[in-house]
Undergrad: 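This structure is in structure tokens; I'll ask about it shortly.
In what follows, every heavy atom counts, from backbone to side chain, and hydrogens, waters and symmetry copies are set aside. Chain naming here is simple, since letters A, B, ... match the order of the sequence lines and numbering starts at 1 in each. As the structure is a prediction and not an experimental result, all values here were calculated from the model.
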2 protein chains.
Amino acid sequence: MDTRHMRYFVALAETLHFGHAAARMNMSQPPFSRQIAAIEKTLGARLFERNSRNVALTAAGRHFLEECRAVLADFDAACRDVQLVASGVKGELKLGFMMNAAYSVVPALVRLYSEKRPDVRLVLEERIPTDIEEMLIEGRLDVAVTFGGSPATHLRTTLLARDRLRLIVPRDHRLAKLDIAGPTDLATERLIAAPASVTPTLRDAIRNYCASPGVVPHFALEPRLQHTIIRLVAEGLGIALIPQSLCADLAEGLISRPIMDAPEFDIVLCASAASSNPAVPVLFEVAERLGGALSLRAPG
Amino acid sequence: MDTRHMRYFVALAETLHFGHAAARMNMSQPPFSRQIAAIEKTLGARLFERNSRNVALTAAGRHFLEECRAVLADFDAACRDVQLVASGVKGELKLGFMMNAAYSVVPALVRLYSEKRPDVRLVLEERIPTDIEEMLIEGRLDVAVTFGGSPATHLRTTLLARDRLRLIVPRDHRLAKLDIAGPTDLATERLIAAPASVTPTLRDAIRNYCASPGVVPHFALEPRLQHTIIRLVAEGLGIALIPQSLCADLAEGLISRPIMDAPEFDIVLCASAASSNPAVPVLFEVAERLGGALSLRAPG
DNA sequence: GCTGATTGATACTCCAGAGGTATGAAATGG
DNA sequence: CCATTTCATACCTCTGGAGTATCAATCAGC
């Protein structure tokens with residue numbers, strides 16, 4: 001049995017006439033009759049009730065007809081889809097992103113891309129930057145939105161936005177009274193920041209920022225998620241320097257302040273070396289078009 | 001492209017090794033390699049990223065693999081199901097029945113049959129007897145539960161139960177006082193009965209019953225459905241002779257009475273001449289086993 | 001850097017099976 | 001009863017899938 005046999009069967013089931021069905025299959029009637037007989041033999045059941053005058057489907061034939069139509073439709077669709085997937089018009093794209101990209105960059109990127117490639121299913125995975133890097137290398141992600149300047153071997157990288165550090169403190173904190181803070185203001189404070197194993201970029205930026213005037217930062221708590229950091233600051237357990245993009249909608253009781261000579265870092269789209277998903281290039285096109293135009297929401 | 005090619009592709013996608021995949025397909029490696037190349041050519045897309053050392057799926061290949069597995073599973077299932085349908089183990093059975101069979105005969109029949117043939121989907125169609133007969137002849141029904149003695153050309157018929165006529169009247173009707181009624185009691189009454197075009201069996205039985213002592217029945221109203229007849233009697237618009245099987249759960253305000261020498265009629269299972277559904281014979285087996293054992297509920 | 005082993009690609013041959021033509025057999029209609 | 005329609009059978013042809021032998025490229029180990 002093969003799909004060709006199924007097509008013969010469907011042709012006969014629809015015409016109920018060997019000659020016409022054979023013509024539809026662009027062949028002559030005798031070999032067509034033989035194929036139908038062969039199908040019935042290999043399947044081990046009569047599909048047609050026929051004499052030299054009339055052809056009719058049996059109950060098994062009627063049932064088989066339905067199944068054949070479905071199978072053939074799926075079969076043809078699968079074959080047709082291959083080119084679409086290969087050309088990146090259809091398929092699946094695994095996009096990783098870190099949390100501070102979730103607010104503005106990723107939604108804008110996803111919206112624009114989905115308009116251009118509605119048949120590509122975007123699988124979004126929010127992860128911490130170090131995991132993202134690992135997954136990119138292993139090919140478990142096709143692309144990711146993460147910090148620039150990573151040491152990983154990435155095929156392609158494009159700038160999406162620039163972000164900078166900003167101070168968040170409880171509303172009644174002494175630093176809340178300042179219009180702008182500097183490294184020395186942080187000297188006596190309990191700092192909350194993710195460990196270097198989670199986001200080396202941020203951790204290094206904070207340490208270098210404090211170290212420039214010789215301040216040794218005191219990291220009181222080290223949660224892994226930026227959301228947790230914000231939450232702990234709101235609980236009065238310390239203060240934090242976090243990406244400006246996360247300061248847009250702070251909880252009641254929290255306030256953010258700019259800092260002098262705030263460290264900046266790139267937020268980039270970067271492709272996996274391992275994956276060569278044909279849906280990726282268009283995402284980069286979209287990302288480049290978005291590029292500078294994209295401004296991260298600063299707090300009001 | 002054919003299912004055989006899909007199987008080759010799946011074998012290679014699963015082993016990622018031309019030699020092993022070829023062995024799994026019981027063939028040597030060179031023709032196998034050629035088939036894979038042919039597949040990629042006809043589909044117009046690379047499915048494998050390969051050099052003389054490593055084989056890996058492309059994105060298109062990964063997508064195609066999923067689709068191939070689904071298509072092949074459906075394909076094999078379709079081929080396997082044919083014998084099951086031909087042997088009556090699986091499939092669909094269109095069973096027509098008239099309303100007075102709905103209460104006891106059909107549920108018992110369906111329950112027993114479904115136990116024996118759980119993979120046969122029973123399509124139940126309640127119709128008036130004349131429609132049932134027409135549908136049986138045209139093959140739109142495979143079998144039906146209807147009155148016996150039909151003039152139609154039925155292949156096979158088996159007795160399911162015997163039913164008899166019974167009188168229903170409003171609770172305060174003068175005939176409600178009698179223990180048993182006879183034809184002459186009906187002479188002056190407004191009778192309600194379905195027209196002969198709907199159920200000739202019942203209509204003829206009622207007319208003959210009245211005619212035997214010379215009474216000419218007065219048919220006041222002629223609804224098509226037995227339910228409607230009962231409803232109209234409850235409204236006080238007349239009285240009716242209906243099958244005993246419909247007298248089990250009469251509405252408040254209605255009462256049923258036996259009648260003298262009540263006309264009886266067979267309720268039979270009969271097969272369509274046009275349809276030769278292999279699921280039918282087992283239904284007849286079940287029906288015969290049920291046969292005499294089945295007693296129609298008489299009113300308490 | 002050379003050598004042998006592994007693995008995919010190519011060249012050539014062979015044959016099963018799919019398709020063509022001619023024709024037979026059965027049923028239908030006038 | 002004959003012409004026509006329609007499915008089945010007989011026989012032939014040839015495409016295309018599969019086998020064998022072999023090449024080419026890559027990698028491991030010395």
Undergrad: OP1, OP2 of D/dC7 versus side-chain N and O of A/H17: anything below 4.0 Å?
TA: yes
Undergrad: NA contact type, B/Q29, heavy-atom cut-off 4.0 Å: base, sugar-phosphate, or nothing?
TA: base
Undergrad: I'd like to know if A/E133 pairs up with A/R127 as an ion pair, taking the criterion as any Lys NZ or Arg NE/NH1/NH2 lying under 4.0 Å from an Asp or Glu carboxylate oxygen.
TA: no
Undergrad: C/dT21, C/dA9, D/dG17: which one has an atom nearest the side-chain heavy atoms of B/H5?
TA: D/dG17
Undergrad: Would you indicate what B/N26 reaches in the nucleic acid, counting non-hydrogen atoms under 4.0 angstrom: base, sugar-phosphate, or nothing?
TA: sugar-phosphate
Undergrad: Between D/dG16 atom C1' and B/D2 atom CG, what is the distance in whole Å?
TA: 13 Å
Undergrad: When rounded to the nearest 0.5 angstrom, what is the spacing between CD1 in A/I128 and CG in A/L225?
TA: 8.0 Å
Undergrad: Rounded to the nearest angstrom, tell me the gap between atom CZ in A/F32 and atom P in D/dA8.
TA: 10 Å
Undergrad: Taking CZ from B/R7 and P from D/dG17, how many angstroms apart are they, rounded to a whole number?
TA: 16 Å
Undergrad: On DNA chain C, nearest-nucleotide positions of A/A38 versus A/N54: which is more 5'?
TA: A/A38
Undergrad: Rounded to the nearest angstrom, tell me the gap between atom CZ in A/F18 and atom C1' in C/dA27.
TA: 15 Å
Undergrad: The side chain of A/Q35 lies closest to which of these nucleotides: D/dA8, C/dA9, C/dA18?
TA: C/dA18
Undergrad: Counting side-chain heavy atoms from CB outward, which of C/dG19, D/dG17, C/dG8 is closest to A/M27?
TA: C/dG19
Undergrad: Closest-nucleotide mapping onto DNA chain D: is A/P30 or B/R4 further toward the 5' terminus? I mean the 5' end.
TA: A/P30
Undergrad: With distance as the sole criterion, do the side chain of B/R34 and the base of D/dA18 form a donor-acceptor contact below 3.5 Å?
TA: yes
Undergrad: Atom CD1 of B/I39 and atom P of C/dA9: how far apart are they, to the nearest Å?
TA: 12 Å
Undergrad: Given atom CE of A/M1 and atom C1' of C/dA18, what is their separation to the nearest angstrom?
TA: 15 Å
Undergrad: Kindly say if A/S28 contacts the phosphate of C/dG20, meaning a side-chain N or O under 4.0 Å from OP1 or OP2.
TA: yes
Undergrad: Under a 4.5 Å cut-off applied to non-hydrogen side-chain atoms, are B/R140 and B/E134 in contact?
TA: yes
Undergrad: I'd like to know if the side chain of A/S272 pairs up with that of A/D142 as donor and acceptor (distance under 3.5 Å, no hydrogens or angles considered).
TA: no
Undergrad: Take atom CE of B/M25 and atom C1' of D/dG17, then tell me their distance rounded to the nearest Å.
TA: 15 Å
Undergrad: Could you give the CZ-to-C1' distance, from A/F48 to D/dC7, as a whole number of Å?
TA: 13 Å
Undergrad: Cut-off 3.5 Å, side chains only: do B/Q29 and B/S33 have a donor facing an acceptor?
TA: yes
Undergrad: B/Y8 near the nucleic acid: base, sugar-phosphate alone, or nothing, with a heavy-atom cut-off under 4.0 Å?
TA: sugar-phosphate
Undergrad: Please tell me which of the listed nucleotides, D/dG19, C/dT21, C/dG8, lies nearest to the side chain of B/R50?
TA: C/dG8
